[in-house]
Amino acid sequence: MKAKDFARREFLKIAGVPVLAQPQKLLAQAAPAGYFTLVTDGATANVIFLAEDAPPPLVLAADELRHYVERMSGAQLLVRKVRQAPNLLRIGAAQALPPNAPPPRAEDDSFRIAITPQGIAMVGANPRSTLYAAYELLERLGCRWFSPGEDGEYVPAAKTLTLAAGDSVSTAAFASRGMVEDARPGSGYPPFPPDAAWEKRIAEDAQIYIAWAVRNRMNAYRNTSTLDDAEFDRRGVAVRWGSAHTIPQMLDRKLFETRPELFRMDQTGKRVPNGNVCVTNPETVELCARWVMDFFKKNPRQDTCPMGGQDIWGGAWCSCEKCRIYSPSEQAALLINGVHEHLRKNNVKGRCSYSAYRDTLRYDLKKVKLDPEVHVGYAPRERSYGHAHSDASSERNRWFWRNLQDWRRNHSGPLDLTDYYQDCILFYSVPAPTVHVIAQDLRDYSKLRAHGVTSFMMGRYSWYCYGPSLYVHARMAWDPVADPDRLLDEMAQHQYGPAAASIRSFWRELELGMRPFLAQGEFETLPVTADPFLEQAMADFDEGIAHLDKAESHVRQSLAEAMAAPYAARVQLQHGVYQLARAGAEALRHNLHGNYWAGVAQRDDAQNAAGLRSVCSPAALKAGVACGMNVRGIGYALEHLKAARVQWDHLKEIARKIDPEPGSYWVRGPRGGGVERLHTGVTGQLNYTIRAMEEIAKRGTV
């Protein structure tokens, strides 16, 4: 017997089908040659065949097929339980022959769809991937899920549904594809206070989001405990527990009173109970390992425990005599390696992940080699999101990309990329789309053989402000060679109808307009300095504003084109997104100009204090006489800084109008990312600089 025939017969046995069985005569109407007719004129004799012991994702797949086929055509598909492979799903008037062989590699979420004029067979490498096959089938019939919730769905109406015959296998480019939901209170160290309204909102939103994500073939979700395990099991979604910054939580701080040697030593030579731990103390390592083992007992669904340090820049690692010879990256690796040894000794199957973030991002493992079983989570928070990660034209990104390549070359274990495309904290709640950056990044990460790709998400803020980015990220995490513009064309066509062309132009100009702002990195880090590099940044910001002017004309045109439901409300939301982006961009532009001139004023003031310049008299200052000094600096600084404060106030009011519900994360988040919380921080910085300028003005030295 030929190997191919043997493989086919063996698979038929696994599927519970007699080897000599032949397709039975279908009761449905005859299909055109090369097609299978699922529904004819609103009626069907076809049946969904489901295994008697089908796992929850297969049961959901049958339910979703029935639901959407009925919505499209009015026809009701019945479900029949039969003896067949658990991961197999078939549709037909009789049991159609399944594919010749199972799809390859379970870790890739592969699935196979075989369609003949007699029926359909769908089989996945795991239950979740068979569910993906069902969604792929619905996509071939025209269904789309552009954004979370019913309003983001597109379900075409058709009384007759046909599918072209063929046999295809689809495989994910990345084994892990997901989001980090960072909008949940009670996380972090120390935990932020709980908020009942917010908890309720996040729980509801999480269910909506998870349904959308799986329909777009995502398979991972991190940082929530508000859903029952059954909700995730039903879709086969892998859940990752909470914060990545776990090392500070691993030692009971009460131990410090009696066992200070377990804790880190600061740079002054004192043992302190905060920050990370003494990684060269064997007892510390053992206690951390016990914490990790307890973590796996409490979270049996978890296969990975994150191990990251305190979420601050520097100063949180140990400076004792033994530890100080190791870099922050080496200290983290040393601790994780030690914990891994304890896990193996105790036959614990789970493994740890190294958080390459902030001061542990740099690959400088010269004295320590990281255990190859450890996952590395690379999170380049400070990179430019105005450029692709690999874009050599970005001075900021050149280092990050070289460093990522160093990790890939030197660590043979799984490498996961965590980016901040839909972040709220990083971009100060200002909508900043990154569609084409996402597309190029995912192509590059695929070439690097990355194990997984993840992006931060902030509740409905991300749905509202990053709809196109969220959709493109999900689709291209499965298939990085997909065309992002084609995806957006389709999204605009089905979601915005008569305003589709205007909305596409709006998205394009909005992305171009916000790119210069994103190129500077985190908005919080805009410096107060007269450095010449700010002069170029100011020119770039002004260019961005010019693109936002064009974006405004396109979104206003769309308002005139989409006057009827459901398009009108969607366009109104896009108009709100524009208003937020414009207010934020104007605030950042004024902030940057103000900081530059404040830097000029502070420089001149310092020179005056050193006796390097002549001092203006109050009369000369009032008259605007230069007196050998820069009179413009203080006036320009105050003008721009106060204008920035007005724009931040405006942004907060717009956010309240768009999402006024209790528990709105982006308006009133207890964590650092809510608009009100961010507003307090940024206006505090502005007020501080304004007061400094006013003090200089009082001295009459500028």
Side-chain angles (χ1 to χ4, degrees), residues 384-388 391 393-397 421 426-440 465-469 484-485 488 492 496 499-523 525-527 531-561 571 573-597 632 636-637 639-651 654 682:
S384 162
Y385 284 97
H387 302 83
D391 188 345
S393 70
S394 168
E395 183 178 356
R396 178 181 289 266
N397 280 0
Y421 305 119
L426 194 66
F427 306 136
Y428 268 39
S429 300
V430 179
T434 54
V435 167
H436 292 87
V437 167
I438 290 170
Q440 187 58 51
C465 294
Y466 294 105
S469 297
D485 290 305
L488 293 188
Y496 298 93
S502 296
I503 286 294
R504 278 294 284 119
S505 297
F506 164 65
W507 288 341
R508 181 177 61 253
E509 295 298 337
L510 181 64
E511 185 172 0
L512 291 171
M514 295 307 299
R515 180 180 178 183
F517 299 92
L518 291 170
Q520 302 305 312
E522 185 174 7
F523 291 170
T525 60
L526 294 176
D531 194 297
F533 88 87
L534 282 192
E535 297 178 7
Q536 181 58 52
M538 288 190 292
D540 293 341
F541 279 24
D542 291 341
E543 182 181 342
I545 293 295
H547 281 290
L548 293 182
D549 288 337
K550 296 178 182 179
E552 181 179 17
S553 67
H554 292 307
V555 78
R556 287 189 180 279
Q557 179 65 26
S558 70
L559 289 170
E561 293 168 339
V571 168
L573 179 58
Q574 292 301 305
H575 184 247
V577 168
Y578 163 75
Q579 290 178 307
L580 278 172
R582 185 59 184 254
E586 292 286 2
L588 290 165
R589 183 173 71 93
H590 284 300
N591 207 154
L592 187 69
H593 281 262
N595 284 5
Y596 173 79
W597 288 112
R632 298 177 305 156
Y636 285 174
E639 175 187 345
H640 284 292
L641 293 171
K642 290 178 180 179
R645 190 168 58 185
V646 170
Q647 290 296 333
W648 285 118
D649 289 341
H650 184 43
L651 183 144
I654 296 169
V682 72

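Side-chain atoms are counted along with the backbone in the values below, which use heavy atoms only and exclude waters and symmetry mates. For reference, positions follow the sequence shown, starting with 1.
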What residues, two or more places apart in sequence or in another chain, satisfy salt bridge (Lys or Arg N to Asp or Glu O under 4.0 Å) together with D542?
-> R589
Distance from H593 atom NE2 to E535 atom CD, nearest 0.5 Å?
-> 10.5 Å
Nearest 0.5 Å, what's the CE-CZ distance between M514 and F427?
-> 9.0 Å
In this structure, NE2 of H387 is separated from OG1 of T434 (nearest 0.5 Å) by 13.0 Å
Taking C-beta and beyond as the side chain, do Y421 and V437 meet within less than 4.5 Å on heavy atoms?
-> yes
Dump the intermediate steps for side chain to side chain contact (heavy atoms under 4.5 Å, CB included) on W648 and R645, then the final yes or no.
-> CA-CA 5 Å; W648 285 118; R645 190 168 58 185; 5.7 Å; no
Residues two or more places apart in sequence or in another chain: which of them pass side-chain hydrogen bond (donor to acceptor under 3.5 Å, both in side chains) with R504?
-> D485, D489
Non-neighbouring partners of N595 that pass side-chain hydrogen bond (donor to acceptor under 3.5 Å, both in side chains), sequence neighbours left out = N591
Nearest heavy-atom approach of H650 to A583 is CD2-CB, 3.8 Å
Return the minimal non-hydrogen interatomic distance between P433 and L518, and the atom names on each side.
-> O-CD1, 4.0 Å
What are the two closest non-hydrogen atoms of G576 and I654, and how far apart are they?
-> O-CG2, 4.0 Å
Under the ring pair (Phe, Tyr, Trp, His ring centres under 6.0 Å) test, residues paired with H590 that sit two or more places apart = H640
Going by heavy atoms in the side chains, are W597 and E639 under 4.5 Å from each other?
-> no
Starting from the C-alpha separation in whole Å, work towards a yes-or-no answer on side chain to side chain contact (heavy atoms under 4.5 Å, CB included) for L510 and V577.
-> CA-CA 10 Å; L510 181 64; V577 168; 4.2 Å; yes
Let me see the working for L548 and E552 under side chain to side chain contact (heavy atoms under 4.5 Å, CB included), right down to the final yes or no.
-> CA-CA 6 Å; L548 293 182; E552 181 179 17; over 6 Å; no
Rounded distance (nearest 0.5 Å) linking atom CZ of R396 with atom OG of S384 | 7.0 Å
CD1/I503 to NE2/H575 distance, rounded to the nearest 0.5 angstrom?
-> 10.5 Å
Determine the minimum heavy-atom distance between V430 and A585, stating which atoms define it.
-> CG1-N, 4.4 Å
Please determine if E511 and R515 form a salt bridge, counting it only when a charged side-chain N lies under 4.0 Å from a carboxylate O.
-> no
Identify the heavy atoms of C465 and L580 that sit nearest to each other, and give their distance.
-> SG-CD1, 4.1 Å
Mind checking what makes side chain to side chain contact (heavy atoms under 4.5 Å, CB included) contact with Q557, not counting sequence neighbours?
-> S502, E561
Specify whether F541 and F517 have parallel, tilted or perpendicular ring planes, treating 30° as the upper limit for parallel and 60° as the lower limit for perpendicular.
-> tilted
In Å, rounded to the nearest 0.5 Å, how long is the span from CD of E509 to OH of Y578?
-> 11.5 Å
List the atom of W507, the atom of P468, and the distance in Å for their closest heavy-atom pair.
-> CE2-CG, 3.5 Å
Any residue meeting side-chain hydrogen bond (donor to acceptor under 3.5 Å, both in side chains) with Y466, in chain and number order, not counting sequence neighbours | Y461
